Amino acid sequence: MGIQGLLPLLKTVMAPITIEELRDQTVAIDVYSWLHKGAFSCSIELCKGLPTSRHIDYCMHRVNLLRNHSVKPILVFDGGSLPMKIDKETKRARARKENLEWALKHEAAGNSFAAHECFQKAVDISPSIAWELIQVLKKENIDYVVAPYEADAQMAFLSINKLVDAVITEDSDLIPFGCHRIIFKMDKFGQGVEFKCSMLDKNKDIDFTGFTKTMLLEMCIFSGCDYLQSLPSIGLKRAYALVKKYKSYEKVIKHLRCTSIAIPPHYEENFKKAIWTFQHQRVYDSVKEDIVHLSNIPHDCDIDLEFLGPWLPQKLVQGIAKGDVDPLTKIPFQFKMAAIKRYRNMESSNDEQNIPLMVDESQETEAHIQHSNAMVGTSNNALRSEGQIIVATVM
DNA sequence: TTTCTGTATAAAT
DNA sequence: TATACAGAAA
């Protein structure tokens, strides 16, 4: 979702850029946004589990556009959900499910237009879809990494540590994450708009001189972000004015307590957590080949850091980063693929025509749970309660 | 003046 | 899904 209204606010420091200007540079790509766009041309197939590669082709077309201009892409995939966002994720999953049900109803009623609309809203860019693309990337020798948690944090890590020259994304969150250079809205012709952190001082609409990175981040959080809802009647403009005047979020909140605006319980505590999620979220360090914090946490920190994404054993996070292990279920893809093959064979042996294969990501077999528990080192129940395990079922 | 809400539309071919 | 725009509400 990002920070609503942030990009329009910064439009005076947004500059058009073309792919030619990126020659010989390395860019991190928010690949889920490509997969989402690519999925539009084949939403029905993806929903029904019918074979298609249009979404993969779309991504590879974009990859080749970059390669043809001698730009080196690193494709960054989303990984697991942060505990803080699990509610939102389940809501989205429910909405997709409802859209799928409507799509099937419309289809049965012969209303293919309405059905198609619902299918498009029902598409889930699942880890399996990412896995399919990754198989192509391996063959084509394209760099990629699956983040342990959010791709945004992973791309910010690459940018902050100078492992890439720019990040290509649609998500304004990369700005509060502290990414140095971002290219938004890059189209199939390689044209987009460039944002550079260093240009912030020159913004006309609103004056950011004297603003620190932390102030910019706090402004974004006050205006409402994925990790914390804004207080009623506080948007970007008011958030800007408050941070400019009071300099720190503690002082802003102290001031707000003297106004008629109601501050929900734990707001200040949750605000701190939101700051930390932007600054210290867990990401994959491909040099250390291990899970690290986006930026180091203070040594004297004694708070529970689970909200930054639970820590993962090195072997597991490596498996996730390479795309061999499902980041949501922590189950190696080989198991799922074996299961799908098994069911396919069962179908072809006793049926006359292609029966669509639905992959239901809400259940799993005992053997897979056992294996993944061994990998994660958690109890059966802990994994079960996290849900989202996989089994192939036949429609 | 700013924020909030709803509606339309584009994305892909 | 995300953005843009319009009009209402505060």
Side-chain angles (χ1 to χ4, degrees), chain A residues 1-11 14 29-47 50 52-65 77-78 81 85 88-89 91-100 102-103 112-126 129-130 133 150-152 168-175 182-193 195 205-206 219-226 228-245 252 256 259-262:
Chain A
M1 210 179 87
I3 310 298
Q4 273 176 342
L6 183 60
L7 298 187
L9 204 70
L10 299 172
K11 64 175 185 290
M14 298 282 182
I29 314 285
D30 186 4
V31 67
Y32 267 75
S33 74
W34 283 2
L35 280 168
H36 262 293
K37 288 180 192 171
F40 263 90
S41 59
C42 53
S43 55
I44 296 175
E45 290 85 347
L46 291 175
C47 285
L50 297 169
T52 179
S53 67
R54 302 252 279 279
H55 54 310
I56 308 288
D57 299 342
Y58 176 91
C59 292
M60 290 314 292
H61 184 85
R62 295 273 170 125
V63 165
N64 288 327
L65 177 72
F77 293 84
D78 268 306
S81 311
K85 289 175 88 174
K88 276 188 182 172
E89 302 286 346
K91 267 184 198 161
R92 280 183 184 177
R94 198 179 309 143
R96 281 196 299 267
K97 197 183 161 201
E98 281 168 11
N99 273 298
L100 183 58
W102 275 112
S112 57
F113 182 82
H116 192 235
E117 269 189 327
C118 291
F119 275 125
Q120 287 184 333
K121 291 178 194 160
V123 179
D124 178 23
I125 305 300
S126 63
I129 290 179
L133 174 56
E150 295 185 302
D152 290 351
I168 297 180
T169 183
E170 307 298 319
D171 194 342
S172 53
D173 269 339
L174 267 290
I175 293 173
I182 311 164
I183 295 154
F184 293 104
K185 302 176 171 73
M186 179 160 274
D187 62 20
K188 60 182 166 186
F189 306 111
Q191 293 173 325
V193 286
F195 169 84
D205 228 344
I206 264 187
M219 175 192 86
C220 288
I221 298 172
F222 272 120
S223 82
C225 67
D226 287 356
L228 187 65
Q229 269 206 322
S230 69
L231 297 168
S233 82
I234 306 271
L236 259 181
K237 297 281 178 70
R238 287 209 243 270
Y240 165 79
L242 288 165
V243 172
K244 189 181 171 79
K245 186 166 179 190
V252 170
L256 288 173
T259 69
S260 59
I261 294 170

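Values below: all heavy atoms of this structure, side chains included; hydrogens, waters and symmetry mates excluded. Residue numbers start from 1 in every chain, and the chains themselves are labelled A, B, ... in the order their sequence lines are given, proteins ahead of strands. In this text the structure is predicted, and so the values were computed from the model without any measurement.
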Using whole Å, what does the distance between atom [atom2] of nucleotide [N] and atom [atom1] of [X] come to?
X: A:Tyr32; N: C:dA2; atom1: OH; atom2: P; result: 14 Å
X: A:Lys11; N: C:dC5; atom1: NZ; atom2: P; result: 10 Å
X: A:Glu117; N: B:dA10; atom1: CD; atom2: C1'; result: 13 Å
X: A:Lys121; N: B:dA11; atom1: NZ; atom2: P; result: 17 Å
X: A:Phe40; N: C:dT1; atom1: CZ; atom2: P; result: 9 Å
X: A:Leu9; N: C:dA4; atom1: CG; atom2: C1'; result: 16 Å
X: A:His116; N: B:dA11; atom1: NE2; atom2: P; result: 15 Å
X: A:Lys185; N: C:dA4; atom1: NZ; atom2: C1'; result: 11 Å

Under-4.0 Å side-chain N/O to phosphate OP1/OP2 contact, A:Lys37 with B:dA12: no
Presence of A:Arg62 side-chain N/O under 4.0 Å of B:dA11 phosphate oxygens OP1/OP2: no
Minimum-distance nucleotide (side-chain atoms of A:Arg92 versus C:dA2, B:dA12, B:dT3): C:dA2
Out of B:dA12, C:dT1, B:dT2, whichever nucleotide has its closest atom nearest the side chain of A:His36: C:dT1
Which atom of A:Ile261 lies closest to which atom of A:Ser233, heavy atoms considered: CD1-OG, 4.1 Å
Heavy-atom pair of closest approach, residues A:Phe222 and A:Ser230: O-CB, 3.2 Å
Non-neighbouring partners of A:Lys85 that pass side chain to side chain donor-acceptor pair (under 3.5 Å), sequence neighbours left out: A:Glu150, A:Asp226
Whether A:Asp152 side chain and A:Leu174 backbone form a donor-acceptor pair below 3.5 Å: no
In residues 53-63 of chain A, what donor-acceptor pairs under 3.5 Å come from side-chain atoms, sequence neighbours left out?
{"residue": "A:Ser53", "atom": "OG", "partner": "A:Asp57", "partner atom": "OD2", "Å": "3.2"}
{"residue": "A:Arg54", "atom": "NH2", "partner": "A:Ser41", "partner atom": "O", "Å": "2.8"}
{"residue": "A:Tyr58", "atom": "OH", "partner": "A:Arg62", "partner atom": "NH2", "Å": "2.7"}
{"residue": "A:Arg62", "atom": "NH1", "partner": "A:Met186", "partner atom": "O", "Å": "3.1"}

Touch class at under 4.0 angstrom, heavy-atom based, for A:Gln4 against every strand present: nothing
A:Arg96 vs A:Pro8, nearer the 5' end of DNA chain C by closest nucleotide: A:Arg96
